[in-house]
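What follows is a short report on a single structure.
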2 protein chains.
Amino acid sequence: MENLLKKASLKNTKQRSYILSVIMTSEGPIAAEEIYKSLLNENKKINLSTVYRTINVLSEKGVLLKTIREDGTASYQLNDLSHNHYLTCCVCHSSVLMDDCPIVELSERISKETGYKVTGHSLQLIGVCPNCLKNNYKK
Amino acid sequence: MENLLKKASLKNTKQRSYILSVIMTSEGPIAAEEIYKSLLNENKKINLSTVYRTINVLSEKGVLLKTIREDGTASYQLNDLSHNHYLTCCVCHSSVLMDDCPIVELSERISKETGYKVTGHSLQLIGVCPNCLKNNYKK
DNA sequence: ATAATTGCAAACACTTTGCATTTAT
DNA sequence: ATAAATGCAAAGTGTTTGCAATTAT
């Protein structure tokens, strides 16, 4: 964890390690407010701005992968090979996590085509869940 | 265009057709505010709320594909086979359009696995553009 | 020592909502 | 006729920012 911070050339503060540990133990991509509340629950005092600033810098540095949910809130997870994406129902807004990511190969191809160094991505599938299908798209 | 509205069982109002025509002639995914300004430029009077309400309902009905940009603003395009995705630089926030979409096949597989009817997706690659690479990630 | 980070409060930007009026079916 | 859509203004929500105080190197 200190490694991650060093790699990003960021100072190792207790707030940052709190934030990282929440992200690392989270089931899926997690939003700023959720990180914040999770820390308050553990009696780790922190300011919400600090959470925002930290996840921003970490995702700019490529440590975190930023995914924006259908409602526009940003969520974050470690930028490793085993990260997840959501499939979200556009009727009832429920989500399921998909268990793999199809973008890895694509990234390399696009890198060559554009000259960009591709460091991450945001992917989310939208659909209608079985339940809403059954109820004819009624909420 | 009236077809699209009928398919979504929505009334055919002039505001809606204005909005659709802007989206159809746009280069890539376009945001609410941009649609709004584009219409004002053409002296088509419309309210920003109407734009928001229209694109929301159209994307819920699967007519539009909603993509959320790295800054959290939602952008919209027709949900057809030839839609585009962005590759955005996380340092200077410049974007390029990628010229195809790798998600079509994935969608079918996920449909079978989850029971969801997959109606769309949001994909965006994040990276560092050639220029920012050259400047060592400095803005 | 000093440059980076944090907390706080205030500002911001995008988006949504309630309600009265207008419009398409 | 009536249910849906629009305009307006006001509120909401997630996020960012300026600045003084604190902290890691």
Side-chain angles (χ1 to χ4, degrees), chain A residues 1-20 29-40 43-61 63-64 66-76 90 93 122 137-139, chain B residues 1-20 29-40 43-61 63-64 66-76 90 93 122 137-139:
Chain A
M1 200 162 69
E2 293 135 37
N3 259 351
L4 291 176
L5 291 172
K6 195 162 281 177
K7 208 177 74 185
S9 52
L10 295 171
K11 286 188 178 171
N12 177 15
T13 67
K14 69 178 192 306
Q15 290 90 337
R16 282 177 177 157
S17 60
Y18 290 166
I19 292 170
L20 276 173
I30 183 171
E33 193 92 34
E34 294 160 0
I35 295 171
Y36 176 67
K37 286 188 179 150
S38 163
L39 287 174
L40 290 194
N43 288 311
K44 306 236 161 76
K45 221 185 155 206
I46 196 172
N47 192 278
L48 183 54
S49 319
T50 303
V51 176
Y52 275 106
R53 281 193 274 234
T54 300
I55 58 190
N56 272 340
V57 71
L58 287 174
S59 83
E60 275 191 12
K61 302 277 188 176
V63 175
L64 297 182
K66 177 179 182 175
T67 301
I68 306 194
R69 298 181 184 160
E70 220 216 344
D71 69 355
T73 62
S75 64
Y76 298 83
C90 64
H93 301 106
S122 173
Y137 296 67
K138 298 280 175 264
K139 302 184 194 188
Chain B
M1 200 163 73
E2 293 135 36
N3 260 351
L4 292 177
L5 291 172
K6 195 164 283 178
K7 208 177 72 184
S9 50
L10 296 171
K11 287 190 178 171
N12 177 14
T13 67
K14 69 178 192 305
Q15 290 89 338
R16 282 177 177 160
S17 59
Y18 290 166
I19 292 170
L20 275 173
I30 184 172
E33 193 92 32
E34 295 161 1
I35 295 171
Y36 175 68
K37 286 187 178 150
S38 163
L39 288 174
L40 290 193
N43 288 311
K44 306 237 163 75
K45 222 187 153 203
I46 196 172
N47 191 278
L48 184 54
S49 320
T50 304
V51 176
Y52 275 106
R53 280 192 273 234
T54 300
I55 57 190
N56 271 340
V57 70
L58 286 174
S59 83
E60 274 191 13
K61 301 278 190 175
V63 175
L64 298 181
K66 176 180 184 176
T67 301
I68 305 194
R69 297 182 183 158
E70 220 216 342
D71 69 356
T73 63
S75 64
Y76 299 82
C90 64
H93 303 293
S122 174
Y137 296 68
K138 297 280 176 263
K139 304 186 193 189

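In what follows, every heavy atom counts, from backbone to side chain, and hydrogens, waters and symmetry copies are set aside. Each chain gets a letter, A, B and so on, in the order its sequence line appears, and its residues count up from 1. These numbers were taken from a predicted model, which means no experiment stands behind them.
- Closest heavy-atom contact between A:P29 and A:E34: O-OE1, 4.5 Å.
- Nucleotides of DNA chain D that come within less than 4.0 Å of any heavy atom of chain B span, from the 5' end to the 3' end, D:dA3 to D:dA9.
- When the C1' atom of C:dT6 is taken as reference, atom CG of A:L5 falls 15 Å away, rounded to whole Å.
- Atoms CD1 (B:I35) and P (C:dT15) sit 10 Å apart, rounded to a whole Å.
- Contact check, B:Q15 against C:dT23: no side-chain N or O comes under 4.0 Å of OP1 or OP2.
- Residue A:S9 is the one, among B:D71 and A:S9, whose nearest nucleotide of DNA chain C lies closer to the 5' end (criterion: closest heavy atom).
- Taking atom OH of A:Y36 as the reference point, atom C1' of C:dG7 lies 10 Å away to the nearest angstrom.
- If you check every strand for non-hydrogen atoms under 4.0 Å, B:A31 touches nothing.
- One can find a donor-acceptor pair under 3.5 Å joining the base of C:dA9 and the side-chain atoms of A:S49.
- One interatomic measurement links the two molecules: CZ of B:R16 to C1' of C:dT23, which rounds to 11 Å at whole-angstrom precision.
- The shortest side-chain heavy-atom distance between B:L10 and B:R16 falls under the 4.5 Å cut-off.
- Expressed to the nearest 0.5 Å, how far OH of A:Y36 lies from CD1 of A:I19 amounts to 11.5 Å.
- Of the charged side-chain nitrogens involved, none lies within less than 4.0 Å of a carboxylate oxygen, so that B:R69 and B:E33 do not count as a salt-bridged pair.
- Using a 4.5 Å heavy-atom threshold, the side chains of A:L20 and A:L5 count as touching.
- If you take NZ of A:K45 and P of C:dT5, they are 21 Å apart, rounded to a whole angstrom.
- In this structure, A:N12 reaches the sugar-phosphate backbone alone: every heavy-atom distance under 4.0 Å involves primed, P, OP1 or OP2 atoms, never a base.
- The nearest whole Å value for the distance from the CD atom in B:E2 to the P atom in C:dA24 is 13 Å.
- As rounded to whole Å, 9 Å separates atom C1' of C:dT6 from atom NZ of A:K14.
- An OP1 or OP2 oxygen of C:dT6 is reached within less than 4.0 angstrom by no side-chain nitrogen or oxygen of A:N47.
- Taking every heavy atom of both residues into account, A:Y76 and A:L64 meet most closely at CB-CD1, 4.1 Å.
- Note on B:N56: only backbone sugar-phosphate atoms sit closer than 4.0 angstrom, heavy atoms only; bases stay farther off.
- Heavy atoms only, all atoms of each residue included: A:S122 and A:I68 are closest at OG-N, 3.4 Å.
- If you take NZ of A:K11 and C1' of C:dT2, they are 8 Å apart, rounded to a whole angstrom.
- Using a 4.0 Å heavy-atom criterion, one finds that B:R53 contacts the bases of the nucleic acid, with or without backbone contacts as well.
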